[in-house]
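Here the structure comes first, spelled out in structure tokens, and everything after it is commentary.
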Amino acid sequence: MKTSHFDVKVTEEALAAFAALSGDYNPLHTDASFAASTVYRRRVLHGAFAAGLLSRMAGMHLPGERCLLHGMRLKFIAPMIPPLTLRVDGCVERETDTVGDVTVTVTDAETGRRYVEGSYSFGYHEASAEPSGETSASCTEPGERAGGEDIILITGATGGLGSALRDIYGARAFAISRNDEIDTDKGWASILNRLGDRRVSAAIHCGWPTPDNSKLIRLPNLTEALSAGLCAPLSQAIALASILAEKGAPNASLVLVGSTWSRSGRHLWRSPIYSLGKALMPTLAQVLGMELSGHQTRCVAVSFDNLAGGMNAQMSSAQRLANMDRSPWGELMDMSQAAESIRWLIDHPTNFISGATLELSGGAIP
């Protein structure tokens, strides 16, 4: 397992420089008199400073030079009050030829006090093979694969589950991003053109926007939030079904990834728009299963409980133990196990499972 670390000395001058660079002059960071009236007593380093440390870890260490940062998550444990020396530790949790996930902790180099827990996902950028600017006829589009094998379409291919699926399917995996806009006529036609004569044996919809923890009645722009967090991923799922109807191989399957966040219970509706979207997966599987039956294609929803990794990478040790205690197996399903479950489902097609929702929780109690 690859690891790396570095130390950073943070002075009060560095705090002031970051305020000037970011334009964040909140008095908690910049006004010593104001800060003295708070529980912190002294000026507190910007939380976003930690984001820069994760960026340094990605760009200079893990993976380094060819890094293309895809996303980042931060959890603030304690305030950072200069002057202090920070130790930044990184560990590669998953890495393939194309993507990876890294967890990072930021602690006090002297006392070991933990300030920040974070993670990021990355890919790799490639140097141009044609310095003159000309495009080689042998070049392929992102996600396109050579050869005549049936293709596996995967949305959310840079996430934890998507990365595990790409590991399994290798050259057959065809990544689809939100930028492909397959729910538009232009984007849909572009994907069909890139597929060429190849058939699609399965499509797996595991791409979803990062959950928004805002309460529905507190959203500043409800229409925009619903469009991004609910309508867009559902439109993408329906577009995948359209592609299967057009290019699906015999006995092709569409798998919609759901979540127990769609039910009441321990989640307490902390991500309501995400929960609403996932709650629609069982009904959508039934509707699409009916429509795809005329094309000898089926649709199944698979609902997972807490998975180790991905959006759950920020679970504290206490949360992880609590969820492990809910499982009769005493463990959490990891991304590789979840991906293998989906592969098993695709490899064992049956018409009578179409429209069903399978809950793969291992018998965990609610």
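Note that the structure is a prediction, hence the values are computed from the model and not measured.
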Answer with yes or no whether the hydrophobic clustering places Ile168 together with Val302; edges join I, L, V, M, F, W, Y residues whose side-chain heavy atoms lie under 4.5 Å apart.
yes

Given the rule that I, L, V, M, F, W and Y join up when any side-chain heavy atoms are under 4.5 Å apart, are Ile238 and Leu292 in one cluster?
yes

State whether the side chain of Arg172 and the backbone N or O of Ile151 hold a donor-acceptor pair below 3.5 Å, judged by distance alone.
no

Any donor-acceptor pair under 3.5 Å linking the side chain of Arg199 with the backbone of Gly248?
yes

Are there more than 12 heavy atoms of other residues, nucleotides or ligands under 6.0 Å from atom CG of Asp185?
no

Take Val104 and Val88 through the test side-chain contact (heavy atoms from CB on, under 4.5 Å) and record every step on the way to the result.
CA-CA 7 Å; Val104 179; Val88 185; 3.6 Å; yes

Determine whether Arg298 and Pro349 make a side-chain contact, defined as any pair of heavy atoms from C-beta on separated by less than 4.5 Å.
yes

Distance col, row Leu62:CG vs Lys2:NZ, nearest 0.5 angstrom, shows 8.0 Å

Please report the shortest heavy-atom distance between Met57 and Ser4, naming the atom on each side.
CE-O, 3.7 Å

Do Phe18 and Val10 have side chains that approach each other closer than 4.5 Å (heavy atoms only, starting at C-beta)?
no

Phe174/Leu195 under side-chain contact (heavy atoms from CB on, under 4.5 Å): CA gap, chis, key distance, verdict
CA-CA 9 Å; Phe174 189 108; Leu195 287 171; 4.0 Å; yes

When every non-hydrogen atom of Ser341 is compared with those of Leu360, the smallest separation belongs to CB-CD1, 3.6 Å

Does the plane of the ring in His29 sit parallel, tilted or perpendicular to the ring in His46? Use 30° and 60° as the thresholds.
parallel

Under a 4.5 Å side-chain heavy-atom rule over Ile, Leu, Val, Met, Phe, Trp and Tyr, are Ile77 and Leu86 clustered together?
no

Aromatic rings Trp208 and Tyr274: how do their planes relate, parallel, tilted or perpendicular, breaks at 30° and 60°?
perpendicular

Using side-chain contact (heavy atoms from CB on, under 4.5 Å), reason through Thr85 and Lys9 one step at a time and then give a plain yes or no.
CA-CA 4 Å; Thr85 300; Lys9 291 184 178 180; 3.6 Å; yes

Look at the side chain of Gln337 and the backbone N and O of Asp334, then say whether any donor-acceptor pair between them is shorter than 3.5 Å.
yes

Between Ser163 (side chain) and Gly160 (backbone), is there a donor-acceptor pair under 3.5 Å?
no

Are side-chain heavy atoms of Arg263 and Glu359 found at a separation under 4.5 Å?
yes

In this structure, would Met72 and Leu68 fall into the same cluster of hydrophobic residues linked by side-chain contacts under 4.5 Å?
no

Begin from the C-alpha positions of Arg43 and Glu12 and carry the test salt bridge (charged side-chain N to carboxylate O under 4.0 Å, His left out) through to its verdict.
CA-CA 8 Å; Arg43 294 187 300 164; Glu12 292 190 349; 3.7 Å; yes

Check whether any side-chain N or O of Thr297 sits under 3.5 Å from a backbone N or O of Ser253 as a donor-acceptor pair, and report yes or no.
no

Considering only heavy atoms from C-beta outward, does the side chain of Leu240 approach that of Leu244 to under 4.5 Å?
no

Quick one: does any side-chain atom of Ser262 pair with a main-chain N or O of Ser259 as donor and acceptor, under 3.5 Å?
yes

Do Ile191 and Lys247 have side chains that get closer than 4.5 Å, going by heavy atoms?
no

Measure from the side-chain N and O atoms of His205 to the backbone N and O of Pro233, and report whether any donor-acceptor pair falls under 3.5 Å.
yes

Output for pair (Asp101 CG, Thr158 OG1), nearest 0.5 Å, gives 9.0 Å

So, the side chain of Ser354 versus the backbone of Asn351: is there a donor-acceptor pair under 3.5 Å, distance only?
no

Identify whether the distance between the nearest side-chain nitrogen and carboxylate oxygen of Asp180 and Arg194 falls below 4.0 Å.
yes

Over all heavy atoms of both residues, which pair between Leu219 and Leu222 is shortest? Give the atoms and the distance, please.
CD1-CD1, 3.6 Å

Given the rule that I, L, V, M, F, W and Y join up when any side-chain heavy atoms are under 4.5 Å apart, are Leu69 and Phe49 in one cluster?
yes

Taking the side chain from Ser275 and the backbone from Trp261, do they hold a donor-acceptor pair closer than 3.5 Å?
yes

Within a 6.0 Å radius of atom CZ on Phe6, are there more than 12 heavy atoms belonging to other residues, nucleotides or ligands?
yes

How far does CG of Leu254 sit from CG of Leu256, to the nearest 0.5 angstrom?
4.5 Å

Which heavy atom of Ile152 sits nearest a heavy atom of Ser201, and at what distance?
CD1-OG, 3.2 Å

Does some side-chain heavy atom of Ser303 sit less than 4.5 Å from a side-chain heavy atom of Met281?
no

Identify the heavy atoms of Met80 and Val116 that sit nearest to each other, and give their distance.
CE-CG2, 4.2 Å

Over 60° means perpendicular and under 30° means parallel, so tell me whether Phe122 and Tyr120 are parallel, tilted or perpendicular.
tilted

Take Leu358 and Ile353 through the test side-chain contact (heavy atoms from CB on, under 4.5 Å) and record every step on the way to the result.
CA-CA 9 Å; Leu358 303 181; Ile353 203 173; 3.9 Å; yes

Is the shortest side-chain heavy-atom distance between Leu280 and Leu230 below 4.5 Å?
yes

Is it the case that the side chain of Arg87 and the backbone of Gly112 share a donor-acceptor pair, with hydrogens and angles ignored and the cut-off at 3.5 Å?
no

Closest non-hydrogen atom pair between His295 and Ala245, with its separation:
ND1-O, 3.5 Å

How many angstroms lie between CD in Glu117 and OG1 in Thr107, if you round to the nearest 0.5 Å?
11.0 Å

In the structure I gave you, are the side-chain heavy atoms of Ser119 and Arg73 within less than 4.5 Å of one another anywhere?
yes

Interatomic distance, CG@Leu165 vs CD1@Ile154, rounded to 0.5 Å, equals 5.0 Å

With sequence neighbours left out, write down each residue that passes ring pair (Phe, Tyr, Trp, His ring centres under 6.0 Å) with Tyr115, or none if nothing qualifies.
none

Give, for atom CG of Leu234 and atom CG of Asp183, the distance between the pair rounded to the nearest 0.5 Å.
10.5 Å

